[in-house]
Amino acid sequence: MTQVLLVEDDEKLGRQVAEGLRAAGFDPQWARRGDEALAADFASFALVILDLMLPGAHGFDVLKALRSEHHHVPVLVLSARQTTADKVRALELGADDYLTKPFWPEELIARVRARLRRPVLAPDANAVSLGPLRVDFSARRVFVDGVAVELTRVEFELVAALARRPGAAVSRAWLADHVLDPARDGDERSLDVHVSRLRRKLGDAGTCITTVWGVGYRLEDGA
């Protein structure tokens, strides 16, 4: 059975989520405190479901520690905090998805399954393919149905940044800070222009880049 780490301090909700995961065929391991989660062996789990407001350590601290140790396990944040700022912060720290409470149990299971269907890349991966799109990191080239597409530096860095976290929403602020040179490429306000040009150059494969409203962009297989 696929092991999932559930980090949730609410006894009633935690029990319901664990039972739902078990009924869906997963093997949930339940941590009730943030410091308990920090002591977990993240590499043994296929996915982490993480609350934010936790005793012992805040969920953001758990997320930061997990990513700083170069663990690539997908993280789904499950929180009552509904502000865009919280969602963006979680995504910037490396969360792959964000679901607000209250929620439908069926939606949680659907998101868990969807995330587990997506590839998880190691940082030294040379390339990734999603649908008709292939991004070769080492050669710094992008192909659509096997045909090379000429991109500018910014356009390649944009698609590469999204491709390194396939299926995960990447915030506009993160993309602006890590991809754009303010002196040459503009700031966050010009990001949409670069993405629009990139989509046009990718043709039909441009639909692989989807907008996550209020947050940023996501690269999907376009299926």
Side-chain angles (χ1 to χ4, degrees), residues 2-10 13-14 16-18 20-21 24-31 34 37 40 42-43 45-54 58-123 128 130-131 161-175 178 208-223:
T2 302
Q3 282 202 322
V4 173
L5 176 61
L6 170 63
V7 189
E8 171 62 62
D9 65 319
D10 185 299
L13 179 60
Q16 291 173 342
V17 173
L21 289 168
F26 298 102
D27 178 17
Q29 304 297 310
W30 183 7
F42 293 115
F45 296 99
L47 183 135
V48 176
I49 299 174
L50 178 65
D51 188 17
L52 294 181
M53 304 302 292
L54 297 164
H58 194 280
F60 283 157
D61 293 326
V62 175
L63 186 53
K64 282 190 286 187
L66 187 155
R67 292 304 185 222
S68 68
E69 295 171 8
H70 305 294
H71 291 292
H72 307 289
V73 56
V75 176
L76 190 163
V77 170
L78 184 64
S79 175
R81 300 175 70 97
Q82 301 186 18
T83 68
T84 299
D86 286 318
K87 296 176 183 179
V88 170
R89 179 62 174 157
L91 295 169
E92 288 176 338
L93 291 175
D96 296 273
D97 201 354
Y98 195 111
L99 181 61
T100 57
K101 303 173 184 176
F103 59 92
W104 291 103
E106 296 84 358
E107 181 181 2
L108 174 62
I109 298 301
R111 292 201 188 201
V112 168
R113 286 175 170 158
R115 181 60 256 183
L116 291 176
R117 284 196 298 268
R118 294 165 182 159
V120 177
L121 298 184
V128 62
L130 289 96
L162 296 172
R164 287 199 178 278
R165 291 180 58 201
V170 181
S171 75
R172 295 167 53 84
W174 191 96
L175 289 170
H178 291 79
C208 292
I209 302 174
T210 61
T211 300
V212 184
W213 296 109
V215 177
Y217 297 95
R218 176 191 293 122
L219 189 68
E220 301 179 307
D221 62 12

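Note that the numbering runs from 1 along the sequence shown for the chain. These values consider heavy atoms only, across backbone and side chains, with no hydrogens, waters or symmetry-generated copies.
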Criterion side-chain contact (heavy atoms from CB on, under 4.5 Å) on Leu78 and Leu99, from CA distance to verdict: CA-CA 5 Å; Leu78 184 64; Leu99 181 61; 3.8 Å; yes
Derivation of the side-chain contact (heavy atoms from CB on, under 4.5 Å) call for Ile49 and Leu21: CA-CA 11 Å; Ile49 299 174; Leu21 289 168; 3.9 Å; yes
Chi angles and distances behind the side-chain contact (heavy atoms from CB on, under 4.5 Å) call for Arg115, Asp97: CA-CA 8 Å; Arg115 181 60 256 183; Asp97 201 354; 5.7 Å; no
side-chain contact (heavy atoms from CB on, under 4.5 Å) assessment of Ile209 paired with Leu162: CA-CA 8 Å; Ile209 302 174; Leu162 296 172; 4.0 Å; yes
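Taking Trp30 as the reference, nothing meets the ring-ring contact (aromatic ring centres under 6.0 Å, His included) condition, with sequence neighbours excluded. Under the rule for a ring-ring contact (aromatic ring centres under 6.0 Å, His included), the partners of Phe42 that lie at least two apart in sequence or sit in another chain are His71.
Formation of a donor-acceptor pair under 3.5 Å by the Arg111 side chain with backbone atoms of Tyr98 is found in this model. Formation of a donor-acceptor pair under 3.5 Å by the Gln82 side chain with backbone atoms of Lys101 is found in this model. In this structure a side-chain-to-backbone donor-acceptor pair under 3.5 Å is missing from Arg172 to Gly216. Of the possible donor and acceptor atoms, one in the side chain of Arg165 sits under 3.5 Å from a partner among the backbone N and O of Ala95. With hydrogens and angles ignored, the 3.5 Å screen pairs no side-chain donor or acceptor of Arg81 with any backbone N or O of Asp86. Side chain of Asp96 to backbone of Val75: a donor-acceptor contact under 3.5 angstrom is found.
Taking CD of Glu92 as the reference point, atom CZ of Phe60 lies at 9.5 Å (rounded to 0.5 Å). Here the OH-CG distance, from Tyr217 to Leu175, works out to 8.5 Å after rounding to the nearest 0.5 Å. One distance of note links OG of Ser171 with NZ of Lys87; it measures 14.0 Å at 0.5 Å rounding. Between the CG atom in Leu47 and the OG1 atom in Thr2 there is a gap of 10.0 Å [rounded to 0.5 Å].
Screening Leu6, Leu76, Leu63 for a side chain to side chain contact (heavy atoms under 4.5 Å, CB included) with Leu50, the sole residue that qualifies is Leu63.
Between His178 and Trp174, the two ring planes are parallel [angle under 30°; tilted spans 30° to 60°].
Side-chain contact between Val170 and Leu91 is absent, with no heavy-atom pair separated by less than 4.5 Å.
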